[in-house]
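Below, chains carry the letters A, B, ... as their sequence lines are ordered, and counting in each starts from 1.
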Number of protein chains: 2
Amino acid sequence: MAPFCYDYPHPAVTTDIALFTILEDKLAILLIRRRSPPFQHCWALPGGFVEPDEGLENCALRELAEETGITGVYLEQLYTFGQPDRDPRERIISVAYYALAPADILAPVAGSDAAEVCWFALDALPDLAFDHPDILCLAQQRLRTKLDYSTIAFSLVNETFTLGELQKVYEIIRGEPLDKRNFRKYILSLNLLAESGASQHGCNHRPAKLYRLAQPGTLHYLR
Amino acid sequence: MAPFCYDYPHPAVTTDIALFTILEDKLAILLIRRRSPPFQHCWALPGGFVEPDEGLENCALRELAEETGITGVYLEQLYTFGQPDRDPRERIISVAYYALAPADILAPVAGSDAAEVCWFALDALPDLAFDHPDILCLAQQRLRTKLDYSTIAFSLVNETFTLGELQKVYEIIRGEPLDKRNFRKYILSLNLLAESGASQHGCNHRPAKLYRLAQPGTLHYLR
DNA sequence: ACAAAAGTGTTCTCGATACACCCATGC
DNA sequence: GCATGGGTGTATCGAGAACACTTTTGT
């Protein structure tokens with residue numbers, strides 16, 4: 001029943017994932033409701049223990065898939081949280097990741113490890129388990145600062161998107177409105193977009209051109 | 001002999017520290033020579049196993065002090081390296097930190113865990129143990145980028161310093177010369193320095209004013 | 001016709017860059 | 001007096017910010 005023995009104490013290691021999306025014009029985060037103690041029935045970031053033969057990033061992707069059915073997100077290591085008392089069970093060190101995905105690709109479904117999976121707007125969060133509020137706070141900071149010198153925002157829109165949609169993403173993350181002309185000038189000057197040829201349709205207004213990334217899936221650093 | 005047992009496998013967790021300084025007008029890093037296998041007699045970053053009741057940052061500071069006698073550095077978490085095969089002994093996950101300190105405060109002396117401790121210029125590195133080259137490379141990248149939006153460079157000069165010395169630090173990290181007048185204008189416009197009143201002496205030229213940080217020990221983010 | 005978002009240029013400001021000479025000290 | 005780094009100001013350029021009207025579609 002306790003076959004894994006070592007000459008000196010070993011901590012447990014987990015990954016936790018802060019998956020952001022934009023839902024109803026707000027930043028939202030994916031949470032699961034815990035099925036077992038500690039913090040039973042409490043909401044928490046998806047995540048779990050690192051398997052002996054998997055890398056940390058693989059662990060994060062696997063846990064996200066197992067617990068929420070979600071795959072194909074942008075994922076990046078955030079910070080490692082290791083306060084000795086952060087978990088009441090034993091010493092657990094957590095390598096936190098943050099992830100980004102457009103909301104409407106995803107159809108979260110509770111996996112085996114979680115009773116419920118749900119998006120929560122960041123301004124209407126429930127109480128969170130462990131030090132997950134700290135993780136979330138740091139993740140949001142990182143998202144905000146990285147917006148300015150990289151192309152992470154593109155991970156929050158669909159494969160094809162309008163410049164209006166993209167601008168909305170920037171505005172929501174920065175928490176302030178942006179000038180339309182300056183925004184378009186800036187984005188197009190990056191030379192990272194290609195017109196998809198198609199346009200919006202079925203909207204109450206002039207249809208917008210649809211763009212796609214010239215090199216999909218590539219994160220660019222600016223300046 | 002193996003009293004620490006768990007219901008499922010636990011990795012070991014270490015911290016490794018990339019301590020930079022400026023030595024003889026070059027970026028240099030502190031290395032220790034390993035006394036035991038694996039990579040016996042090889043040079044490596046200082047670091048070691050996380051104790052059950054210490055935080056990660058404390059572990060890094062403790063290992064640095066034990067192995068090199070050095071304290072009082074600027075320290076910041078860098079990245080967590082967890083490839084399953086990065087250590088031949090067992091699964092070891094390493095939380096890497098990078099640190100900065102002025103060279104002439106330090107008088108590194110081998111502690112109990114290391115046979116030798118030595119500064120190495122980055123352009124004259126020996127072979128390094130484990131994935132320490134990766135850690136070092138990432139640390140150097142971080143140092144370079146963070147130079148532009150924070151006051152980390154101040155951690156590489158003494159408590160009082162001349163603007164010439166500070167400029168040298170920027171030039172060495174960026175790998176290019178800077179304009180003296182523009183540099184001084186920029187630094188002074190930050191309003192973070194106070195004149196110490198004193199000046200250099202014993203130099204072959206006009207003595208420079210000595211400055212100190214108005215709030216020593218505080219890291220500022222710019223823009 | 002009206003509502004709603006798309007699309008489009010110019011002006012201004014401010015921070016970043018480029019650049020050259022005199023000053024104080026030790027030898 | 002000469003070598004060495006310290007100390008200083010101005011002109012230019014370019015990126016970012018401010019700003020308003022016409023266009024296309026659905027109802």
How far apart are the closest heavy atoms of [X] and [Y], and which atoms are they?
X: B:T71; Y: B:A65; answer: CG2-CB, 4.0 Å
X: A:F20; Y: A:L27; answer: CD2-CD2, 4.0 Å
X: A:R86; Y: A:I92; answer: NH1-O, 3.0 Å

Discussion item. Measure CD/B:Q167 against C1'/D:dT8 and give the value in whole Å, please.
Written reply: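 Interatomic distance, CD of B:Q167 to C1' of D:dT8: 14 Å.
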Discussion item. Whether the B:T160 and B:S196 side chains hold a donor-acceptor pair (N or O, under 3.5 Å, no angle test) is what I'd like checked.
Written reply: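 Per modelled atom types, B:T160 and B:S196 side chains form no pair under 3.5 Å.
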Discussion item. Generate the contact string for nucleotides 2-7 of chain D. Rules: B means base contact, S means sugar-phosphate contact only, - means no protein heavy atom under 4.0 Å.
Written reply: -BBBBB
Worksheet entry | DNA chain D: 5'-proximal contact among A:C203 and A:D179 (nearest heavy atom) | A:D179
Item to complete: Evaluate whether atom CG of A:D127 has more than 12 neighbouring non-hydrogen atoms of other residues, nucleotides or ligands under 6.0 angstrom away.
Response: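 No.
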Discussion item. Does B:E24, at its CD atom, have more than 12 non-hydrogen atoms belonging to other residues, nucleotides or ligands within less than 6.0 Å?
Written reply: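 No.
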Worksheet item: According to the interplanar angle, ranging from 0 to 90°, do the rings of B:Y79 and B:F81 count as parallel (below 30°), tilted (30 to 60°) or perpendicular (above 60°)?
Response: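 It falls in the perpendicular class, over 60°.
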Would you tabulate the nitrogen or oxygen pairs shorter than 3.5 Å linking the protein to nucleotides 15-17 of chain C?
unit_1: C:dT17; atom_1: O4; unit_2: B:K185; atom_2: NZ; d: 3.3

Listed pairs under 3.5 Å, donor-acceptor, residues 216-223 of chain B side chains, sequence neighbours left out:
unit_1: B:T218; atom_1: OG1; unit_2: B:Q215; atom_2: O; d: 3.1
unit_1: B:H220; atom_1: NE2; unit_2: B:Q215; atom_2: OE1; d: 3.2
unit_1: B:Y221; atom_1: OH; unit_2: B:K146; atom_2: NZ; d: 3.2

